[in-house]
Structures are given as structure tokens and as C-alpha cells.
Amino acid sequence: MRRELDFLDSETTLKRLVRIGRVALMQRTMKEMRNGGDSSVDVEGKSGFGGGLEDVYGEDRVTEDQLVTPWTVSVASGNTLLRDPRHNKGLAFTEKERDAHYLRGLLPPAVLSQELQEKKIIHNLRQYKVPLHRYMAMMDLQERNERLFYKLLIDNVEELLPVVYTPTVGEACQKYGSIFRRPQGLYISLKEKGKILEVMKNWPEKSVQVIVVTDGERILGLGDLGSQGMGIPVGKLSLYTALGGVRPSACLPITIDVGTNNEQLLKDEFYTGLRHKRATGQEYTELLDEFMCAVKQNYGEKILVQGTASVVLGGIIAALKLVGGTLADHTFLFLGAGEAGTGIAELVALEVSKQTKAPLEHTRKKIWLVDSKGLIVSSRRESLQHFKKPWAHDHEPVKGLLDAVKAIKPTVLIGSSGVGKTFTKEVVEAMASFNEKPLILALSNPTSQSECTAEEAYTWSKGRAIFASGSPFDTVEYDRRVFVPGQANNAYIFPGFGLGLIISGAIRVHDDMLLAASEALAAQVTQENFDRGLIYPPFSNIRKISAHIAADVAAMAYRLGLASHLPQPKDLVKYAESCMYTPIYRSYL
């Protein structure tokens with residue numbers, strides 16, 4: 001699992017961060033992080049950027065509680081305005097705006113609409129044959145014209161999501177030192193120990209509501225990338241805005257740099273981070289403690305820690321309409337027993353417990369995990385890390401994945417190992433030998449680390465597998481049929497989940513909110529999608545999907561008595577849609 005935390009107007013001490021859906025315990029290298037946590041969405045003061053106009057027209061009110069008096073807010077002028085990505089419109093400034101804001105002569109005389117600008121940019125992007133070049137072009141656009149960037153991303157989400165997020169963001173992180181042009185977030189390193197609060201105050205936005213932070217030690221399946229892991233928080237937060245409607249100024253990407261153990265980076269003359277081995281133990285813990293306290297002091301209380309488990313569960317629930325049975329009828333086998341694997345497994349067990357009223361200890365029994373030493377069984381309990389112990393069931397020792405598949409006979413095979421090519425032909429054929437429609441989820445990112453490809457899953461199962469992956473794969477033609485692989489991308493869940501917490505004013509996160517998000521995602525899969533073998537809806541409808549997820553999460557917050565924004569809106573879906581940030585240009589007259 002990536003080491004990243006999503007904060008909503010946040011804080012708590014590290015010791016209060018615990019397990020999936022409840023608390024997350026951040027220890028030495030955030031290795032114990034799961035998916036969940038305390039949350040809140042207190043809204044604080046307002047501020048503009050570089051003298052620019054704030055949300056005068058209420059379009060971004062998803063994160064605004066106080067009114068802004070229009071005549072008290074000024075708009076930057078001249079070159080300052082053109083260099084302010086929040087308000088720059090380039091050639092879309094009208095004749096009157098050019099006169100009013102001293103732009104005459106600073107722009108060519110033509111006036112273009114935002115739609116025409118978008119048409120030109122997408123045409124130019126499609127000329128690039130290398131995905132990394134597209135990524136760099138998108139980042140350049142974000143740095144000079146924020147609203148055009150988000151409009152382009154929203155209107156072309158299926159095409160551009162793989163560019164700004166996985167899998168391309170993985171390559172961008174690997175080469176971040178070489179392509180670095182302008183800082184896009186906040187860097188906190190060991191050099192700032194003792195003055196982190198002071199550093200946070202350097203960030204120009206004062207009403208931050210969402211923070212994504214990484215320590216760069218485990219980026220996708222690529223390992224330790226140190227400070228170059230910043231690409232993940234930047235990419236993820238762009239999706240909070242594009243897919244979930246959280247305004248850009250409320251989002252803050254942070255990298256905590258405590259060094260790196262990546263020898264290649266330490267020798268790279270262009271590496272942007274600290275050039276020493278990664279700090280551990282007390283030194284690391286003290287830095288994170290100070291960081292969390294600074295977040296509390298600067299941005300308010302309460303924190304959300306969020307991950308990928310909900311999107312996987314949503315896909316599994318949807319897949320039941322294809323494979324049949326209830327969730328409790330199925331047997332699950334995970335390859336990978338780290339934070340991601342155990343986090344997803346726990347959420348599946350929680351959902352089965354909710355549906356059947358059976359104790360959690362009982363519902364865990366049909367979920368098995370394989371780690372580097374083989375099947376996790378009770379005879380290994382004493383040597384297991386604490387988060388693996390709940391999954392140590394009674395069974396004779398089994399060494400490899402293939403033997404585990406043959407012994408357990410799972411109906412659902414899930415890969416979260418970060419190791420590519422581990423779902424071999426023999427493994428997939430074994431799954432197909434005792435399942436009419438084996439459900440195979442190869443979740444590891446980026447594409448190179450996927451446990452198997454879509455083509456391999458469909459071919460080796462003779463077209464019977466229900467397949468989804470963490471990174472996108474092209475359609476596959478097999479036996480005169482066309483298969484469209486699904487993508488278990490956490491971008492389905494976290495933007496809408498965060499929006500739901502914001503619009504309800506949730507004071508903390510409950511497991512049932514995570515389950516509600518999964519169920520809401522599954523409900524968005526149509527019969528037409530099922531007919532094509534999809535267990536996830538198309539990303540082209542993601543804003544609608546996020547609104548429904550937000551509404552169900554908010555509804556659960558109200559049901560549990562955890563919502564602070566009262567009274568509850570009558571139509572939460574429409575309310576969620578009305579709260580979403582829109583990137584349409586505004587008039588500055």
C-alpha cells in the first residue's frame with residue numbers, strides 16, 4: 001500500500017491513527033497504515049492567492065461556510081494576473097477584462113473561448129507518443145491555467161486519468177528529479193525538525209481541508225523513491241478536485257523527506273531530496289509527531305486516513321451479479337499480506353459480518369492470505385507481524401501460491417503483492433478448473449507490477465475470468481469475443497468519499513461509511529456494464545458516481561449521528577452535485 005495519508009481539516013497524534021476504517025497507527029515508516037481513521041471537516045478562514053479573487057460567486061462552496069463580500073476582494077492585474085494559475089485565462093480574457101486589468105499589449109489580440117482552448121490543448125497532447133511527455137504537458141498546464149487543466153481532465157477523464165495518475169505517475173516519480181520544474185507541494189524534511197509549524201505557514205492557502213502526505217518509501221510497486229514520491233500526492237489531489245469537486249485551494253500535497261535507501265537515487269546528481277540513508281526509530285517518530293501537531297495547530301482538528309480497500313470491495317460486490325451467490329458464499333485468497341492486502345481483507349470481512357450478522361472472527365475464516373513464506377496458517381502465528389495474525393487459520397503449511405490455490409480452492413483471487421507476473425498460467429488455469437467464472441483481481445501498480453495482464457487472464461481461463469486490475473489494460477479479443485477489463489482504481493472512491501465527509505460535516509469516520517461507499521460504487525454498475533464483463537462503471541461518469549458515493553457516505557454519517565452540518569439536506573445527491581467545484585471560467589469585471 002502506498003504510504004500516504006489523506007487529511008480533511010486535520011489532526012490527531014500519531015498514536016491515534018489505527019487500522020482500517022477506525023484509527024491508523026503510524027509507526028516507524030507508516031507500514032502499519034490501513035484504510036480509515038478519525039475524520040472531520042471543520043471549515044476555517046478564507047484567503048485569496050497573490051491578491052487574486054476568491055470564491056465570490058459561490059461555485060466552490062463545497063469548502064466554504066462563510067460569505068465573501070465581493071466588493072472587498074480585488075483581482076490581481078497585468079503580469080501578476082497572467083502568472084496566477086488560479087485566475088489566468090490566457091487568450092480567453094475578454095476585451096473588457098483586458099482593459100479593466102491592464103492586460104492590453106500583454107496578450108495577442110485574439111479572444112478564444114475556453115472550449116476552443118481545450119480543443120487546442122487536447123489536440124496537442126495527442127501528438128505526444130510518450131506518456132511521460134503527456135504528463136509533463138499536463139503539469140505545465142496546471143501550473144499556468146488551473147481551470148483549463150481541470151476542465152480538460154474532467155471532460156477527457158478516461159483518456160487523461162492514466163496520464164495524471166497511475167500508471168504514468170509512477171514513471172514520473174522515478175524521473176521526478178530530471179523533470180522537476182516548479183514545486184507543487186510542501187516539502188518537510190529532517191532539516192525542518194523543530195520548525196515544521198513555521199514551514200507550514202509558508203503555504204499560501206489558509207483554508208486547507210485535504211492533505212495527502214507521503215514519506216516516499218513505498219511508491220506504487222516501485223519501492224523507495226524518497227522525495228520524488230511527491231508525484232503521488234500531487235496526482236491524487238488533482239483527482240479530489242476533478243472527480244470529487246473539492247476546490248484546488250483546499251488541497252495540499254506534502255512529502256516528508258527523511259532520506260532514502262535507494263542507492264541509485266543517492267548517486268543521482270539530479271535527485272531532489274536528502275542525500276543520506278532513511279531515518280528510522282525515534283528520529284523518524286519525533287518528526288512525524290511534530291508534523292501531526294503542526295497540522296492540528298495550523299489547519300484544525302481531526303484527520304481522515306483513507307486507502308484502496310473500499311474500491312476493491314465495491315468491485316467484488318458488483319461482481320456477485322456475474323458470478324452468483326452472496327459475499328458470504330465465496331472464498332478469498334490474497335497474494336500479498338501487507339497493509340494493502342490485510343486492509344482489503346478486513347473490509348471484506350466487515351461487509352460479510354454486516355450482511356450475515358456473524359462475528360468478525362467467524363467471517364475472517366473464509367479469507368486466506370499468502371505472503372513471501374507461503375500460506376498464513378496458525379502454526380506460523382508466533383512469527384507473524386501483528387496485522388497478519390487475524391488471518392492465521394488452521395491448515396497445514398503450504399509454500400507457494402499455486403499450491404495454496406489448489407488447497408484452498410478460492411472463488412476470488414486478489415493480488416496486492418507489488419510483484420509482477422505472479423498469477424502464472426498454472427495459477428489462472430487452476431482457478432478456472434474449479435470455478436465457472438473465476439474472479440481475478442490483479443491490483444498491483446504500475447502496469448509492470450501487475451500480477452498478470454488482462455490478456456493472460458482471459459486467455460488462460462478460456463474467456464471465463466471476471467478480471468480487474470489496478471492499472472488500465474486495453475480491451476482483449478479472444479475467441480471472437482471482446483473483453484473490456486475493469487480497473488480497480490481507488491480514484492473511484494476517495495474523491496466521493498471525501499466529498500461526503502465534507503458536505504455532512506462528519507466528526508469522525510465509521511466502518512459503515514466505508515462500506516456505504518463500496519455499496520454505492522457497486523450500485524453504479526449498470527446491466528450494460530455487466531453484459532460487457534465489467535464490474536466497475538466507466539470513468540466517463542465519474543462525477544455522477546462521486547456524487548452518489550458522497551450522498552451515501554453523508555447519509556450514513558447522519559444515520560450514525562456523526563454529521564455536524566444540520567439539518568440534513570432532503571436530496572443528498574443533488575446537494576453533493578451543487579457543492580462540486582466547477583472549472584468554468586468566471587468573469588473578472
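Sequential numbering from 1 along the given sequence is applied to the chain's residues.
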Donor-acceptor pairs under 3.5 angstrom involving side-chain atoms of residues 196-203: please list them, not counting sequence neighbours.
{"residue": "Lys201", "atom": "NZ", "partner": "Asn298", "partner atom": "OD1", "Å": "3.3"}

Rounded to the nearest 0.5 Å, what separation is found between the CG atom of Leu186 and the OG1 atom of Thr255? 9.0 Å

Is there a side-chain contact between Leu521 and Pro537 (heavy atoms, below 4.5 Å)? yes

Scan residues 254-265 for pairs that pass salt bridge (Lys or Arg N to Asp or Glu O under 4.0 Å), counting only residues two or more places apart or in two chains. Glu263-Lys277

Any donor-acceptor pair under 3.5 Å linking the side chain of Gln114 with the backbone of Pro583? yes

For the pair Gln487 (side chain) and Gly470 (backbone), establish whether a donor and an acceptor sit closer than 3.5 Å, ignoring hydrogens and angles. yes

Taking every non-hydrogen atom, the tightest pair across Met513 and Val509: SD-CA, 3.9 Å

Would you mind reporting whether Leu313 and Leu514 have side-chain heavy atoms less than 4.5 Å apart? no

Sequence neighbours excluded, the answer for salt bridge (Lys or Arg N to Asp or Glu O under 4.0 Å) partners of Lys193 is Glu286

Assess the side chains of Glu451 and Ser444: does a donor N or O sit below 3.5 Å from an acceptor N or O? yes

Out of curiosity, Ser189 OG to Leu274 CG, how far, rounded to the nearest 0.5 Å? 4.5 Å

Arg247 bridged to Glu205 by N-O distance under 4.0 Å: no

Keeping Glu158 on the side-chain end and Pro538 on the backbone end, is there a donor-acceptor pair under 3.5 Å? no

Non-hydrogen side-chain atoms of Leu401 and Leu413 separated by less than 4.5 Å: yes

Can you confirm whether the side chains of Tyr165 and Asn490 place a donor and an acceptor under 3.5 Å from each other? yes

Do side-chain atoms of Thr453 reach the backbone of Glu456 as a donor and acceptor pair under 3.5 angstrom? yes

Please check: side-chain N/O of Gln117 versus main-chain N/O of Lys89, any donor-acceptor pairing under 3.5 Å? yes

Filter on salt bridge (Lys or Arg N to Asp or Glu O under 4.0 Å), then keep only pairs touching residues 224-233, sequence neighbours left out; what's left? Asp224-Arg278

Counting C-beta onward and ignoring hydrogens, is there a side-chain heavy-atom pair between His276 and Leu190 closer than 4.5 Å? yes

Those residues at least two apart in sequence (or on a different chain) that pass ring pair (Phe, Tyr, Trp, His ring centres under 6.0 Å) with Tyr536 are Tyr492

Partners meeting side chain to side chain donor-acceptor pair (under 3.5 Å) with Gln228 (sequence neighbours left out): none

Tell me, do Leu239 and Leu161 make a side-chain contact under 4.5 Å, heavy atoms counted? yes

Hey, does Leu443 have a side-chain heavy atom less than 4.5 Å from the side chain of Ile344? yes

Could you give the distance from CD1 (Ile414) to CD1 (Ile440), rounded to the nearest 0.5 Å? 11.5 Å

Thr168 side-chain N/O to Pro162 backbone N/O, donor-acceptor pair under 3.5 Å: yes

Report yes or no: does Glu455 contribute a side-chain atom to a donor-acceptor pair with the main-chain N or O of Val476 at less than 3.5 Å? no

Kindly compute the distance separating CD (Glu192) from NZ (Lys195), expressed to the nearest 0.5 Å. 6.5 Å

Short question: side chain of Arg134, backbone of Leu125 - any donor-acceptor pair under 3.5 Å? yes

If you compare all heavy atoms of Arg543 against all heavy atoms of Thr582, which two are closest, and at what distance to 0.1 Å? NH2-CA, 4.4 Å

If only atom types and distance count, is the side chain of Ser238 paired as donor or acceptor with the main-chain N or O of Gly235 below 3.5 Å? yes

Carefully, step by step, assess Lys151 and Asp155 under the rule salt bridge (charged side-chain N to carboxylate O under 4.0 Å, His left out). CA-CA 6 Å; Lys151 190 171 190 306; Asp155 292 346; 2.9 Å; yes

Met230 side chain near Pro253 side chain, heavy-atom distance below 4.5 Å: yes

Do Arg144 side-chain atoms and Leu82 backbone N/O form a donor-acceptor pair below 3.5 Å? no

Is there side-chain contact between Ile121 and Phe149, with heavy atoms separated by less than 4.5 Å? no

Nearest heavy-atom approach of Gly231 to Tyr135 is CA-OH, 4.3 Å

